[in-house]
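Report on one structure; see the data block that follows.
Below, chains carry the letters A, B, ... as their sequence lines are ordered, and counting in each starts from 1. Everything quoted here is computed from the prediction, not taken from an experiment.
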2 protein chains.
Amino acid sequence: MDGLNKQNENVTEQVILNAAREVFMEKGMDGARMQEIADKAGINKAMLHYYFRSKEKLFNKVFIEAFKEFWPQVEGAMTIETPYKAIESIVEAYIDTFIDKPFLPNFILAELHRTPDRFELLMKEIGINPKIIMTFLEKLMEEGHLKKTNSLNMIVNVISLCVFPFAARPLMMRLLMDNNEQIWDDFIQQRKETVMSVIKECYFMKA
Amino acid sequence: MDGLNKQNENVTEQVILNAAREVFMEKGMDGARMQEIADKAGINKAMLHYYFRSKEKLFNKVFIEAFKEFWPQVEGAMTIETPYKAIESIVEAYIDTFIDKPFLPNFILAELHRTPDRFELLMKEIGINPKIIMTFLEKLMEEGHLKKTNSLNMIVNVISLCVFPFAARPLMMRLLMDNNEQIWDDFIQQRKETVMSVIKECYFMKA
DNA sequence: ATATAGTTTAACCATTTGGTTAATTGCACA
DNA sequence: TGTGCAATTAACCAAATGGTTAAACTATAT
């Protein structure tokens, strides 16, 4: 029966993708080894090529998947009525994603830096366009909910505050937090508040 | 005469280091190829090993050099009398360094992520300890120049605002700035001011 | 001039790595 | 039960890569 085949295929395919995600996230494209992915998936290396043809194709799949999960959250946030809650949701989308996938920021930054042009293509392919966040912010300024400022600067600041601590986690842990996991956890638990208080102070109208 | 030999040695050594810096900065440890470094230096590949023994030793040299140049600027900034100027100088040290070495943030983040423990060792070896920035900020709070807040959050915020835009440059250029070099240059020219205005708003006492 | 010591190179080596192939297994179906 | 097709594997391959070596070159000191 065809249905069972399809199901088996999907199972193996998923096993491979899970292993590939782990390895690529941790080691990046250059550092990852097909053999390690196969080992982690518990299958023969030839299967990777049987299902995904090449390392690059497999990598792309993993890369695209990571964004497909994340971006809708940001888009969703912008439909929220209250301006404050909307921006809070964007911040939350970023931070919760990275709590769940700690390697994602480094993974993206490395790939971004490795092949920027291919990155741009993939973004367009998936339909990610951060400019809509910018226009969203500009709308909120027009409507008088936010102070009128340079929206490019504002969005860069917000994203910087959300993403960078995760990207620099090993540094912060070792040089600022005495390698103490608890301090990191507390820091991250507060992070949404911390970022929002900066945004409030700098960009929202004083009540 | 020994002097001439030493000079020649130094010349070749520097040629190698310059080439190695370029390649490692752009491709990272995993992506860099010894042959490419040799080609860029215009010498035989064996020379790399003659002078630096191994890829890792060469990489370490490049890595350490990058910090040795940068960190004293930050330390120097903290000796400045006026609190505002002191913090401005720290921000300036970061941003000017990255204007000069655009690949440095990605280079550091990648290495940080690749071998965090070795990174920590190198930092201690060079004598870099960002905690002194934290205690410096705390002193300014005690003295009433800054609002009393969590110094860890403050330093992370400041560094995030300074570093992240450079690390994410390829993304920002392509998705927010229409690949327009001029927009990027303007953005970076304003960056010191932008960051300082956030710091002023959030952390300095209102005049 | 020649010995000596450091410098540089071409050729080579062992290992790793992404990818292929041909044979084997397992399973639906007739 | 046997046929056919997809899934899976072991063995293999060519290219790339970090590293080595032995010979050649250069310049200096005697």
Side-chain angles (χ1 to χ4, degrees), chain A residues 1-64 107 110-111 114-115 118, chain B residues 1-64 107 110-111 114-115 118:
Chain A
M1 189 221 220
D2 215 9
L4 192 60
N5 270 342
K6 266 280 186 279
Q7 208 166 34
N8 273 335
E9 187 178 328
N10 276 334
V11 167
T12 312
E13 213 170 299
Q14 277 310 312
V15 168
I16 293 175
L17 276 176
N18 288 340
R21 192 182 315 116
E22 276 187 58
V23 175
F24 278 132
M25 285 268 174
E26 198 185 324
K27 310 265 176 95
M29 171 69 171
D30 287 335
R33 298 290 156 242
M34 294 296 266
Q35 188 60 59
E36 192 183 345
I37 296 174
D39 290 347
K40 186 155 279 183
I43 54 164
N44 189 288
K45 181 167 64 95
M47 294 290 278
L48 303 182
H49 293 93
Y50 181 75
Y51 281 98
F52 297 92
R53 297 187 54 100
S54 72
K55 186 184 183 185
E56 193 176 314
K57 289 235 165 60
L58 178 54
F59 179 86
N60 279 356
K61 201 94 179 182
V62 168
F63 192 76
I64 288 176
F107 176 70
E111 182 54 15
R114 199 176 63 91
T115 53
R118 216 171 44 97
Chain B
M1 190 224 223
D2 214 7
L4 192 61
N5 268 341
K6 267 279 185 281
Q7 208 165 35
N8 273 335
E9 187 179 326
N10 276 334
V11 167
T12 312
E13 212 170 300
Q14 277 310 312
V15 169
I16 292 176
L17 275 176
N18 289 339
R21 191 181 316 117
E22 275 188 60
V23 176
F24 278 131
M25 286 269 174
E26 197 184 326
K27 310 267 175 93
M29 171 69 172
D30 287 336
R33 297 291 155 239
M34 294 296 266
Q35 189 60 58
E36 191 184 347
I37 295 175
D39 290 347
K40 187 156 280 183
I43 55 164
N44 188 287
K45 181 166 65 94
M47 294 289 276
L48 303 182
H49 294 95
Y50 181 75
Y51 281 97
F52 297 93
R53 297 187 53 101
S54 73
K55 187 184 183 185
E56 192 175 313
K57 289 235 166 59
L58 179 55
F59 179 85
N60 279 357
K61 201 94 178 182
V62 168
F63 192 75
I64 288 177
F107 176 70
E111 181 55 13
R114 200 176 62 92
T115 53
R118 216 170 47 95

Check your understanding: So what does B:Ala32 touch, heavy atoms closer than 4.0 Å: a base, only the sugar-phosphate, or nothing?
Key ->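 The answer is sugar-phosphate, as B:Ala32 gets under 4.0 Å only of primed atoms, P, OP1 or OP2.
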
Check every atom of [options] against the side chain of [X] and return the nucleotide holding the closest atom.
X       : options               : answer
A:Asn44 : D:dA10, C:dT7, D:dG18 : D:dA10
B:His49 : D:dG18, C:dT9, C:dT7  : D:dG18
A:Met34 : D:dA7, C:dG18, C:dT8  : C:dG18
B:Ala46 : D:dA7, D:dT20, C:dG6  : D:dT20

Using atom [atom1] of [X] as one end and atom [atom2] of [N] as the other, report the distance to the nearest whole Å.
X       : N      : atom1 : atom2 : result
A:Ile16 : C:dG19 : CD1   : P     : 14 Å
A:Ile43 : C:dT24 : CD1   : P     : 21 Å
B:Tyr51 : D:dG19 : OH    : P     : 18 Å
B:Lys45 : D:dT17 : NZ    : P     : 10 Å
A:Tyr50 : D:dA10 : OH    : C1'   : 17 Å
A:Asp39 : C:dT17 : CG    : P     : 12 Å
B:Met47 : D:dA24 : CE    : P     : 18 Å
B:Phe52 : C:dT7  : CZ    : C1'   : 14 Å

Review point. Between the side chains of A:Asp39 and A:Gln35, is a donor N or O closer than 3.5 angstrom to an acceptor N or O?
Key: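 Side-chain D/A pair, A:Asp39 to A:Gln35: present.
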
[N] phosphate, OP1 or OP2, under 4.0 Å from [X] side-chain N/O:
X       : N      : answer
B:Thr12 : C:dT8  : yes
B:Ser54 : D:dG18 : no
A:Arg33 : C:dG18 : yes

Review point. Around A:Arg118, counting heavy atoms of other residues, nucleotides and ligands shown, do more than 12 lie under 6.0 Å from its CZ?
Key: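 Atom CZ in A:Arg118 is packed in, count exceeds 12.
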
**Study point:** NZ (B:Lys61) with more than 12 external heavy atoms under 6.0 Å
**Key:**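 At most 12 heavy atoms, drawn from other residues, nucleotides or ligands, come within 6.0 Å of this atom.
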
Exercise for review: Taking all heavy atoms of B:Ile37 and all of B:Ala19, pick out the closest pair and write down the distance.
Suggested key: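 Between these two residues, the closest heavy atoms are O-CB, 3.6 Å.
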
Check your understanding: Checking only heavy atoms, does the side chain of A:Lys55 share a donor-acceptor pair with the base of C:dG19 at less than 3.5 Å?
Key ->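 Checked by distance alone, the answer is no.
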
Check your understanding: Do the two ring centres, one from A:Phe52 and one from A:Phe59, sit under 6.0 Å apart?
Key ->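 No, the ring of A:Phe52 stays outside the 6.0 Å limit from the ring of A:Phe59, centre to centre.
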
